[in-house]
Amino acid sequence: QLQLAESGGGLVQPGGSLRLSCVVSGFTLDYPTIGWFRRAPGKEREGVACIGGYGISTNYASAVKGRFTISRDNARKTVYLQMDNLKPEDTAVYYCAGNLKANLGLCPVLPGRYEYWGQGTQITVST
């Protein structure tokens, strides 16, 4: 089983930046594929970005492409989500999630493809 723990949330003004971290533990073989997801108030959970186990494959939702960057440091067992030019509509609880397979081809930004989830961290973009 995987355990995932997010950190780095908070309040930021529009146009600002934040970096989220997801520490992953519990895997024994390959590095798992990790996705970032979010749930805004009154909305369904949606995909944000994902990264394959060795960082070769990355994929982004159209709403964040060009503004968010996903990366990983396997030595630190950590996946990052750098969020730039934040907008009020980015306000949500952000979750990282894991799939034990390191290589899913182009990683999927689909919640149903991930079995293990963190507790989430709140991001609020507001003046």
Side-chain angles (χ1 to χ4, degrees):
Q1 286 193 342
L2 295 181
Q3 293 84 46
L4 303 101
E6 306 94 338
S7 63
L11 173 64
V12 63
Q13 292 187 345
S17 298
L18 279 177
R19 187 177 79 160
L20 302 182
S21 298
C22 174
V23 177
V24 186
S25 61
F27 57 94
T28 57
L29 298 175
D30 273 339
Y31 296 107
T33 294
I34 300 297
W36 283 98
F37 300 85
R38 67 187 182 186
R39 183 184 298 237
K43 295 186 177 181
E44 294 186 355
R45 184 171 50 187
E46 65 175 354
V48 176
C50 60
I51 186 166
Y54 295 91
I56 298 173
S57 170
T58 60
N59 196 9
Y60 296 89
S62 57
V64 306
K65 196 172 293 185
R67 300 188 297 121
F68 291 11
T69 303
I70 191 169
S71 62
R72 68 190 300 157
D73 182 345
N74 284 341
R76 296 181 182 272
K77 299 182 179 181
T78 302
V79 175
Y80 304 99
L81 184 68
Q82 176 67 40
M83 305 184 294
D84 298 318
N85 190 21
L86 282 159
K87 304 176 180 181
E89 52 264 42
D90 295 317
T91 295
V93 178
Y94 283 71
Y95 302 87
C96 60
N99 181 311
L100 287 171
K101 294 182 180 179
N103 184 7
L104 295 172
L106 180 64
C107 62
V109 195
L110 297 170
R113 298 293 302 276
Y114 295 83
E115 300 97 337
Y116 304 98
W117 292 79
Q119 294 300 306
T121 185
Q122 175 72 47
I123 303 294
T124 302
V125 184
S126 175
T127 56

A.B. asks: Within the distance-only criterion (no hydrogens, no angle test), does the side chain of Arg39 pair as donor or acceptor with the backbone N or O of Tyr95 below 3.5 angstrom?
C.D. replies: no
A.B. asks: Give a yes-or-no answer on whether the side chains of Asp73 and Thr78 include a donor-acceptor pair shorter than 3.5 Å.
C.D. replies: no
A.B. asks: Please tell me if the side chains of Glu115 and Asn99 come closer than 4.5 Å, counting only heavy atoms from C-beta onward.
C.D. replies: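 Side chain of Glu115 against side chain of Asn99, heavy atoms only: contact under 4.5 Å found.
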A.B. asks: Got a second to check how far Leu18's CG is from Thr124's OG1, nearest 0.5 Å?
C.D. replies: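 Going from CG on Leu18 over to OG1 on Thr124, the span is 9.5 Å.
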A.B. asks: Distance from Leu20 atom CG to Gln82 atom CD, nearest 0.5 Å?
C.D. replies: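 Nearest 0.5 Å value for the CG-CD distance: 9.0 Å.
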A.B. asks: My understanding is that only residues two or more places apart in sequence, or in another chain, count here; which of them pass ring-ring contact (aromatic ring centres under 6.0 Å, His included) with Tyr114?
C.D. replies: Phe37
A.B. asks: Is there a side-chain contact between Gln122 and Thr91, using heavy atoms and a 4.5 Å cut-off?
C.D. replies: yes
A.B. asks: Would you indicate whether Glu89, at its atom CD, is surrounded by more than 12 heavy atoms from other residues, nucleotides or ligands within a distance under 6.0 Å?
C.D. replies: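 Atom CD in Glu89 is packed in, count exceeds 12.
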A.B. asks: Under 3.5 Å, is there a donor-acceptor pair between the Asn74 and Arg76 side chains?
C.D. replies: no
A.B. asks: Okay, side chain of Thr121, backbone of Gly9: is any donor-acceptor separation there less than 3.5 Å?
C.D. replies: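 Yes: the side chain of Thr121 pairs with the backbone of Gly9.
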A.B. asks: Find out if a path of hydrophobic residues (ILVMFWY) with successive side-chain heavy-atom gaps under 4.5 Å connects Val79 to Trp117.
C.D. replies: no
A.B. asks: Mark yes or no for whether Thr33, through its side chain, and Lys101, through its backbone, hold a donor-acceptor pair below 3.5 Å.
C.D. replies: yes
A.B. asks: Would you find a donor on one side and an acceptor on the other, under 3.5 Å apart, between the side chain of Glu6 and the backbone of Cys96?
C.D. replies: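 At least one qualifying donor-acceptor pair exists.
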A.B. asks: Please report the closest heavy-atom contact between Asp30 and Ala102, naming both atoms and the distance.
C.D. replies: CB-CB, 3.6 Å
A.B. asks: Drop me the distance from Asp90's CG to Met83's CE, to the nearest 0.5 angstrom.
C.D. replies: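 Answer for the CG-CE pair, Asp90 versus Met83, is 7.5 Å.
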A.B. asks: For the side chain to side chain contact (heavy atoms under 4.5 Å, CB included) test, which of Val109, Leu81, Val64 pairs with Trp36?
C.D. replies: Leu81
A.B. asks: Mark yes when over 12 heavy atoms from residues, nucleotides or ligands other than Arg67 sit less than 6.0 Å from its CZ; otherwise mark no.
C.D. replies: yes
A.B. asks: Do any pairs count as a disulfide (SG to SG under 2.5 Å) and have a residue in residues 46-89, sequence neighbours left out, and if so which ones?
C.D. replies: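 Sorted pair list: Cys50-Cys107.
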A.B. asks: Can you tell me how far NZ of Lys77 sits from OG of Ser25, rounded to the nearest 0.5 angstrom?
C.D. replies: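 Atom-to-atom, Ser25:OG and Lys77:NZ are 7.0 Å apart.
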A.B. asks: May I ask you to check whether over 12 heavy atoms, not counting those of Leu106, lie within 6.0 Å of atom CG?
C.D. replies: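 Buried by this count: over 12 neighbours within 6.0 Å.
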A.B. asks: Check whether any side-chain N or O of Ser21 sits under 3.5 Å from a backbone N or O of Tyr80 as a donor-acceptor pair, and report yes or no.
C.D. replies: no
A.B. asks: For Ser57 and Gly105, work out which heavy atoms get closest and say how close.
C.D. replies: OG-O, 3.1 Å
A.B. asks: For Val24 and Pro32, work out which heavy atoms get closest and say how close.
C.D. replies: CG1-CG, 4.0 Å
A.B. asks: With a 4.5 Å cut-off on side-chain heavy-atom distances among I, L, V, M, F, W and Y, is there a chain of contacts connecting Tyr54 to Ile51?
C.D. replies: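 They do share one cluster, since a chain of ILVMFWY contacts under 4.5 Å joins Tyr54 to Ile51.
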A.B. asks: Nearest 0.5 Å please: distance from the CG atom of Leu110 over to the CZ atom of Arg45.
C.D. replies: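 These two atoms lie 11.0 Å from each other.
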A.B. asks: Count I, L, V, M, F, W, Y as connected when their side-chain heavy atoms are under 4.5 Å apart, and connections chain through other members. Are Val12 and Phe68 then in the same cluster?
C.D. replies: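 Result: yes, single cluster for both.
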A.B. asks: Please enumerate all residues that pass ring-ring contact (aromatic ring centres under 6.0 Å, His included) together with Phe27, with sequence neighbours excluded.
C.D. replies: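 Phe27 satisfies ring-ring contact (aromatic ring centres under 6.0 Å, His included) with Tyr31 only.
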A.B. asks: Taking the cut-offs as 6.0 angstrom to the six-membered ring centre and 45 degrees off its axis, would you call Arg38 and Tyr94 a cation-pi pair?
C.D. replies: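 No, Arg38 does not sit over the ring of Tyr94.
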A.B. asks: Decide side chain to side chain contact (heavy atoms under 4.5 Å, CB included) for Tyr60 and Val48; before the verdict, give the C-alpha distance in whole Å, the side-chain angles of both, and the deciding distance to 0.1 Å.
C.D. replies: CA-CA 6 Å; Tyr60 296 89; Val48 176; over 6 Å; no
A.B. asks: Got a second to check how far Ser126's OG is from Ile123's CD1, nearest 0.5 Å?
C.D. replies: 13.0 Å
